[in-house]
Amino acid sequence: MHWSPNVLPAVEILSNPVDALKGLLLHVTDILMPQDCFVCGSVAGGAAVCAPCRSELIRHADRACPVCALPTVDGRTCGHCLRQPPAFDATWAVFDYAFPVDAMLHALKYRHHLALADFFAHELSELAAEARLRADVILPMPLHPRRLAERGFNQAVEIARPLARANAWPLELAAIRRVRNTVAQAALDREARLHNPRGAFEGVQPLTGLRVVVVDDVMTTGATLNELARTLKRQGAAWVGNLVIARTPVPD
Ligand SMILES: [Zn+2]
Ligand SMILES: [Zn+2]
């Protein structure tokens, strides 16, 4: 239960100020460090998700295309990537985009459930270690300034920050800007505009010869990640890998 100012009667503070203060601090600690499991609501000992619920989350397929992470029978490069290689070189996904991971990502994005960012960062860190990932910089998927102003934060940055810190990887927040290609976009109808990421990014700083690891929450068609990778390569990046929390099983 969360404390709010109007449930703590003033008389209680006056009659037993020490206990009232202790209670207040406990409540504040609860708010700052939620201890209830996001999935089942049981006490999770400071983690955002308890161990049993964590073990039941649907992990992304072991056998997947190394380029786009789409599940393949033998773990080899998929037909899409063979026919039309994307601008990125590799992709790893922790989970399938399914319940309750979808609800967790939604809560992080729209309800500022920031404890989940740490949880996801930890999962990405484990995946990166398994993959023996080498990174020169970590670059969270940039958010358009207008979106950032509406939402107040970029969930990809919140996930990337603890990941970068834990692995001593530099976090790159300024090299690429999300822009809108207004001329080209205006000619498209709404549906096409939403799915057309062409010209969505602008290179601001060079990334010459660097191995860039992009962090994003969900990968569906991979079109936006592809466009970002294209921009990164134009800025001189030697290699681009995607680390995503969840992958939709089949592209839309
Ligand atoms: Zn649980
Ligand atoms: Zn592929």
Side-chain angles (χ1 to χ4, degrees), residues 1-2 29-31 33-108 111 113-124 126-128 130-131 133 141 195 197 211-230 232-233 237 239-252:
M1 195 182 86
H2 284 170
T29 312
D30 268 356
I31 295 164
M33 296 188 292
Q35 305 219 333
D36 293 349
C37 168
F38 178 86
V39 183
C40 71
S42 73
V43 175
V49 178
C50 75
C53 286
R54 179 179 179 255
S55 70
E56 280 180 22
L57 299 177
I58 303 167
R59 304 267 152 187
H60 191 63
D62 281 340
R63 290 180 184 167
C65 170
V67 182
C68 74
L70 211 63
T72 52
V73 183
D74 50 9
R76 294 204 191 148
T77 306
C78 76
H80 294 281
C81 292
L82 285 174
R83 279 193 302 277
Q84 238 183 341
F88 47 76
D89 300 278
T91 302
W92 292 270
V94 185
F95 301 112
D96 278 353
Y97 190 65
F99 185 80
V101 171
D102 55 353
M104 291 162 71
L105 287 168
H106 193 272
L108 168 62
R111 290 193 278 131
H113 216 302
L114 287 174
L116 289 169
D118 283 333
F119 172 77
F120 287 136
H122 183 75
E123 294 288 336
L124 282 185
E126 286 196 350
L127 187 64
E130 263 173 48
L133 189 65
M141 171 61 78
H195 294 103
R211 289 176 66 88
V212 180
V213 171
V214 172
V215 170
D216 203 2
D217 51 358
V218 184
M219 180 175 188
T220 46
T221 64
T224 308
L225 284 164
N226 191 34
E227 184 60 18
L228 177 58
R230 219 191 321 256
L232 292 168
K233 294 271 171 94
W239 179 92
V240 176
N242 304 315
L243 265 185
V244 301
I245 302 299
R247 178 83 164 96
T248 53
V250 201
D252 296 342

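Every value quoted in this text rests on a predicted model; they were computed, and no experiment measured them. We count ligands from 1, going down the list as the structure has it; atoms in each ligand are counted the same way.
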What distance separates Phe99 CZ from Leu57 CG, expressed to the nearest 0.5 Å? 10.0 Å
Identify the heavy atoms of Cys81 and Cys65 that sit nearest to each other, and give their distance. SG-SG, 3.8 Å
Count, waters excluded, of protein N, O or S atoms under 2.8 Å from the Zn ion (ligand 1): 4
From His106 NE2 over to His113 NE2, what is the distance, rounded to the nearest 0.5 angstrom? 13.0 Å
Does Lys233 pair with Asp89 as a salt bridge, N-O distance under 4.0 Å? yes
Across all chains, not counting sequence neighbours, the side-chain contact (heavy atoms from CB on, under 4.5 Å) partners of Arg111 are Phe38, Ala107
The criterion is salt bridge (charged side-chain N to carboxylate O under 4.0 Å, His left out); which residues satisfy it with Arg54, sequence neighbours excluded? Glu123, Glu126
What protein N/O/S atoms are found closer than 2.8 Å to the Zn ion (ligand 2)? Cys65 SG, Cys68 SG, Cys78 SG, Cys81 SG
The reported gap from CE in Met219 to CG in Leu243 (rounded to nearest 0.5 angstrom) is 11.5 Å
Does the Arg247 side chain pair with the main chain of Thr220, one donor and one acceptor, at a distance under 3.5 Å? yes
Could you give the distance from CG (Leu225) to CG (Asn242), rounded to the nearest 0.5 Å? 4.5 Å
